[in-house]
Amino acid sequence: MSKYEHDIISTVNLRGTVSVAELARILDVSDQTIRRIVKPLVERGEVRKVHGALISTQKVTDPPFLARMNENRAKKVAIAHAVAGMVKDGGSVMIDTGSTSAFVAQALESKQNLTVVTNSAYIASKLALIEGNRVFMAGTQLRNHDGAAFDRAAFDVIASVSVEFSILSASSAHPLRGFLAFDQCEVDIAQAMMEVSARTVMAVDHTKFNESGGNASLRLPTLAPEDVVVCDKRPHKSFDDLLDAQRFVLAGGA
């Protein structure tokens with residue numbers, strides 16, 4: 001597969017759908033070149049073409065994970081681009097499991113020579129086959145609904161590495177209780193990743209900010225002042241105290 005083919009598939013999979021004209025602008029080539037390159041991709045079923053645009057045919061094998069990938073997709077894509085913009089070529093990151101984290105992994109496909117540690121089989125598979133990357137899969141036993149590992153081996157791998165960023169997600173957020181998760185294993189993994197990272201990036205779309213906290217009840221570790229929250233929209237002012245405790249980045253904004 002050529003670099004252009006790889007870049008086209010990555011862009012289409014990240015955005016879900018993208019016009020031929022937009023792809024030409026992103027890759028700095030002509031519309032005619034894009035049409036020539038995508039013709040065999042369409043024939044192989046790697047992308048689908050309709051009305052001057054390309055549509056992703058990406059399949060995520062687990063239905064619940066696929067559903068979350070399609071939920072608020074545009075918001076998650078914007079957040080993913082903002083997070084990826086913080087990571088330099090040659091950088092090192094830890095990435096947790098989750099749909100927003102999966103989009104971050106797709107956005108990171110444009111980076112070179114990354115060191116990546118993740119407990120997500122999906123994320124590991126997205127970044128491991130890129131030349132120059134070093135990817136460490138944290139864990140051996142994968143849970144069946146999202147391909148994530150939380151066994152002892154996962155914690156051992158995480159503890160053995162030091163990275164620049166831990167990139168985390170949350171199930172919801174509460175004004176007083178902070179960022180929340182459903183399962184204790186997710187809290188424990190977040191804590192382990194934060195302990196070996198110079199800085200934490202919390203990537204979460206604005207729909208997760210709920211004044212009742214939603215159904216999630218377990219508190220994720222508190223972020224430090226040097227950490228970052230990336231969101232597609234500024235949540236309600238009731239969350240100001242939570243968000244002002246560290247840097248807030250508006251995806252697509254300043």
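Just so we're clear, the structure is a prediction, and the values are computed from it rather than from any experiment. For this chain, numbers begin at 1 and follow the sequence in order.
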Discussion item. According to side-chain hydrogen bond (donor to acceptor under 3.5 Å, both in side chains), who are the partners of D244, at least two apart in sequence or on a separate chain?
Written reply: R234

Practice prompt. Report yes if some heavy atom in the side chain of M202 is under 4.5 Å from a heavy atom in the side chain of D227; otherwise report no.
Written response: no

Fill in: Side-chain touch T97/Y122, heavy atoms, less than 4.5 angstrom
no

Worksheet item: Any idea which heavy atoms bring L220 and A181 closest together, and the distance?
Response: CD2-CB, 4.0 Å

Worksheet item: Counting distance only, does the side-chain N/O of R177 pair as donor-acceptor with the main-chain N or O of R219 below 3.5 Å?
Response: no

Worksheet item: Quick one: does V12's side chain get under 4.5 Å of V18's, heavy atoms only?
Response: yes

Worksheet item: Does any non-hydrogen side-chain atom of I34 lie less than 4.5 Å from one of V29?
Response: yes

Discussion item. For V135, is there any backbone N or O sitting under 3.5 Å from a side-chain donor or acceptor partner on N133?
Written reply: no

Worksheet item: Under the 3.5 angstrom rule, does the side chain of T118 hit a backbone N or O of I95 as a donor-acceptor pair?
Response: yes

Worksheet entry | Min side-chain heavy-atom separation I79-F103 under 4.5 Å | no

Worksheet item: Nearest 0.5 Å, what's the CG-CZ distance between D31 and R25?
Response: 12.0 Å

Practice prompt. Would you give the length of the straight line joining atom CD1 of I26 to atom CD1 of I8, rounded to the nearest 0.5 angstrom?
Written response: 10.0 Å

Item to complete: Measure across T222 and M194 and return the closest heavy-atom pair with its distance rounded to 0.1 Å.
Response: O-CE, 3.7 Å

Worksheet item: Between the main-chain N or O of H206 and the side-chain N or O of D232, is there a donor-acceptor pair closer than 3.5 Å?
Response: yes

Fill in: Over all atoms of both residues, closest heavy-atom pair of K126 and E109
O-OE2, 3.3 Å

Worksheet entry | Rounded distance (nearest 0.5 Å) linking atom CG of N210 with atom NE2 of H236 | 12.0 Å

Worksheet item: Is the backbone of D96 close enough, under 3.5 Å, to the side chain of N119 for a donor and an acceptor to pair up by distance?
Response: no

Worksheet entry | Flag if over 12 foreign heavy atoms under 6.0 Å of CD, Q32 | no

Fill in: Flag if over 12 foreign heavy atoms under 6.0 Å of CG, D89
yes

Item to complete: Find out whether F179 and L168 are in side-chain contact, i.e. whether some heavy atom of one side chain is under 4.5 Å from a heavy atom of the other.
Response: no

Worksheet item: CZ of R199 to CE of M86: how many Å apart, nearest 0.5 Å?
Response: 8.5 Å

Fill in: Residue pair V50 / I55: nearest heavy atoms and the distance that separates them
CG1-CD1, 3.1 Å

Item to complete: Check whether more than 12 heavy atoms from other residues, nucleotides or ligands sit under 6.0 Å from atom CZ of R134, and answer yes or no.
Response: no

Worksheet entry | Validation row: P175, D241 side chains within 4.5 angstrom (heavy atoms) | no

Item to complete: Would you check if there is a donor-acceptor pair between the side chains of S99 and K76 at a distance under 3.5 Å?
Response: yes

Discussion item. According to side-chain hydrogen bond (donor to acceptor under 3.5 Å, both in side chains), who are the partners of T140, at least two apart in sequence or on a separate chain?
Written reply: D151

Item to complete: Work out which heavy atom in L127 is nearest to a heavy atom in A105; give both atom names and the distance.
Response: CD2-O, 3.3 Å

Worksheet item: Applying the 4.5 Å side-chain criterion to the ILVMFWY set and letting contacts propagate, would L223 and V196 be lumped into a single cluster?
Response: yes

Please list, one pair per line, the donor and acceptor atoms closer than 3.5 Å that link side chains of residues 157-167 to other protein atoms, with sequence neighbours excluded.
unit_1	atom_1	unit_2	atom_2	d
S160	OG	V157	O	2.7
E164	OE1	S92	N	2.8
S166	OG	T200	OG1	2.8

Worksheet item: Okay, side chain of S120, backbone of G147: is any donor-acceptor separation there less than 3.5 Å?
Response: no

Worksheet item: Hey, quick one: are M94 and F155 part of the same hydrophobic cluster, counting side-chain heavy atoms closer than 4.5 Å, chains of contacts allowed?
Response: yes

Worksheet item: Which other residues end up in the same hydrophobic cluster as L176, if Ile, Leu, Val, Met, Phe, Trp and Tyr are linked when side-chain heavy atoms come under 4.5 Å apart?
Response: none

Worksheet item: How many angstroms lie between atom NE2 of H81 and atom CG of L108, to the nearest 0.5 angstrom?
Response: 10.5 Å

Discussion item. If I compare all heavy atoms of V117 with all of A138, which pair ends up nearest, and what's the gap?
Written reply: CG1-CB, 4.3 Å

Worksheet item: Could you give the distance from NZ (K111) to NZ (K88), rounded to the nearest 0.5 Å?
Response: 6.5 Å

Response to the item:
Taken in chain and number order and not counting sequence neighbours, the residues that satisfy side-chain hydrogen bond (donor to acceptor under 3.5 Å, both in side chains) with Q184 are D188

Worksheet item: Just wondering, more than 12 heavy atoms not from Q191 lying within 6.0 Å of its CD?
Response: yes

Worksheet entry | Listed partners of R143 passing salt bridge (charged side-chain N to carboxylate O under 4.0 Å, His left out), at least two apart | D146, D183, E186

